[in-house]
Amino acid sequence: MEDFKQKLKHYEEEPPNINWDRLHSRLSSRKTSRKMRQFRNMSIAAMFFALLAFGFTIQHLIQNRNPKVYTSASVQPPLQMETLKEVSDELYSINRVIDLKKNYSKLNF
Amino acid sequence: MKNLEHIVQQCKLERSKAQKELYDHYSKLFFGICRRYVKNFQDAEDVMIEAFYKIFSNIKQFQGKGSFEGWMKRIVVNECLMFLRKKNIFNLNIEVDNLHISEEAVAPTHLMYMDLMKTLDMLPTGYRTVFNLYEIEGYKHREIAELLGISINTSKSQLILAKKKLRKLLKKKVNRDIG
């Protein structure tokens with residue numbers, strides 16, 4: 001019986017050659033499907049980041065083009081008006097400009 | 001075969017060449033194991049392919065602790081058992097408590113491997129499985145009971161009955177050859 005067991009323990013039989021091809025095709029398809037899955041996941045991630053970047057860019061552009069609409073919540077300091085100084089040159093005198101305006105308005109073109 | 005460790009590393013990287021080398025080296029042995037458990041030749045082929053597929057798919061889990069061949073053999077044996085369970089061809093309901101068989105020697109030394117396999121194939125699936133697991137693979141009755149979902153006593157009685165039948169078959173074979 002011991003001899004029988006030993007012989008069975010070391011029993012080997014040549015499998016048909018086609019079995020490697022079957023196994024290889026299964027392993028290859030597994031490899032391909034895993035790569036496809038990785039590619040799909042990467043594509044989804046890339047698409048998500050691209051959309052995010054696009055959104056940020058659009059928002060940034062809109063904010064810069066129409067600042068009145070998109071004002072920030074922070075309080076802006078009041079605008080300081082420039083006060084014009086009196087000038088001696090008559091050409092730049094305010095009173096002269098006012099007079100000129102009056103005279104022109106009287107004229108009917 | 002080149003350095004086994006190197007081949008295992010290459011298999012972990014899914015290199016086809018290394019996978020082929022490993023397959024070429026172990027396919028005969030593993031097909032032999034499958035044939036011991038599974039009677040049908042085509043089924044044994046399918047089981048071996050499935051076992052190799054699992055080996056290559058899970059090779060990253062092998063941490064290098066213990067024997068690599070032992071690790072692979074366990075996968076092959078488990079695959080055979082899974083196949084038998086799926087086919088539901090176990091017949092392990094017989095529990096015999098007081099079975100005893102004499103240890104008289106049958107001398108099958110001159111028997112060829114194919115004769116041995118034919119003799120083994122003549123055993124019912126349940127007998128053959130328990131005989132293989134206990135006598136060839138070296139599992140304990142407790143482990144066999146867990147693996148097959150049977151009681152320890154059933155495992156013991158199946159083994160005794162398997163041995164009894166084997167002796168009978170071998171004796172018949174020897175007598176036929178001498179006569």
Side-chain angles (χ1 to χ4, degrees), chain A residues 1-66 70 72-74, chain B residues 11 14-16 19-24 26-36 41-42 44-57 73 101 103-117 119-120 128 131-132 134-138 163 166-167 169-170 173:
Chain A
M1 188 61 90
E2 203 53 46
D3 182 65
F4 179 73
K5 280 192 286 187
Q6 282 308 312
K7 278 191 174 178
L8 279 179
K9 198 169 190 171
H10 300 112
Y11 176 73
E12 290 186 355
E13 194 172 327
E14 181 88 51
N17 284 335
I18 197 159
N19 284 321
W20 165 249
D21 299 326
R22 283 171 66 195
L23 177 66
H24 184 61
S25 70
R26 271 191 74 183
L27 288 168
S28 302
S29 66
R30 176 178 166 265
K31 210 170 165 180
T32 313
S33 69
R34 212 186 47 240
K35 276 187 179 169
M36 290 280 279
R37 221 170 28 243
Q38 275 177 351
F39 179 74
R40 191 196 59 199
N41 292 345
M42 292 279 278
S43 307
I44 291 169
M47 205 129 82
F48 176 74
F49 282 113
L51 278 172
L52 214 64
F54 181 71
F56 276 121
T57 313
I58 292 291
Q59 195 189 13
H60 182 73
L61 281 173
I62 291 170
Q63 271 184 3
N64 286 348
R65 293 263 167 106
N66 196 354
Y70 296 95
S72 63
S74 58
Chain B
C11 285
E14 298 183 37
R15 301 273 152 80
S16 291
Q19 287 175 336
K20 172 92 168 84
E21 215 163 326
L22 197 75
Y23 173 85
D24 285 343
Y26 285 106
S27 59
K28 282 184 199 168
L29 178 67
F30 292 168
F31 190 57
I33 294 175
C34 293
R35 288 279 290 117
R36 270 199 279 119
F41 192 85
Q42 272 80 31
E45 279 182 76
D46 292 344
V47 172
M48 186 198 66
I49 289 176
E50 192 59 40
F52 264 112
Y53 181 74
K54 283 196 177 158
I55 287 167
F56 290 131
S57 304
K73 266 186 184 172
I101 53 160
E103 286 294 315
E104 59 175 302
V106 176
T109 42
H110 67 288
L111 289 181
M112 301 302 287
Y113 277 120
M114 285 318 286
D115 293 328
L116 292 174
M117 283 309 291
T119 314
L120 197 66
R128 200 174 60 238
F131 180 82
N132 273 325
Y134 188 87
E135 295 290 351
I136 318 291
E137 254 73 58
K163 279 184 175 178
L166 261 179
R167 275 171 211 281
L169 289 167
L170 289 172
K173 173 90 185 136

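Every chain is numbered from 1 and lettered A, B, ... according to where its sequence line falls, protein lines coming before strand lines.
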As an exercise, state the distance from [atom1] of [X] to [atom2] of [Y], rounded to the nearest 0.5 Å.
X	Y	atom1	atom2	result
B:N132	A:K9	CG	NZ	11.5 Å
B:F31	A:E12	CZ	CD	12.5 Å
B:M117	A:Y11	CE	OH	4.5 Å

With chain B as the partner chain, list the residues of residues 31-53 of chain A whose heavy atoms fall under 4.5 Å from it, by residue number, and write 'none' if nothing qualifies. A:K31, A:R34
Anything in residues 16-29 of chain A with a heavy-atom distance to chain B below 4.5 Å? Please list those residues in order. A:P16, A:N19, A:W20, A:R22, A:L23, A:H24, A:R26, A:L27
Shortest non-hydrogen contact from A:E13 to B:F41? OE2-CE1, 3.2 Å
Under 4.5 Å to a heavy atom of chain A? For B:E137 that would be neither
What part of B:Y23 is in contact with chain A, defined as an atom under 4.5 angstrom from a non-hydrogen atom: side chain, backbone, both or neither? side chain
Should we say atom NZ of B:K28 is surrounded by more than 12 heavy atoms from elsewhere, each under 6.0 Å from it? no
Heavy-atom pairs under 4.5 Å with chain A - which of B:I33, B:L29, B:L120 has more of them than the others? B:L29
For B:F56 and A:R30: C-alpha separation, side-chain torsions, deciding distance, then whether side-chain contact (heavy atoms from CB on, under 4.5 Å) applies. CA-CA 11 Å; B:F56 290 131; A:R30 176 178 166 265; 6.0 Å; no
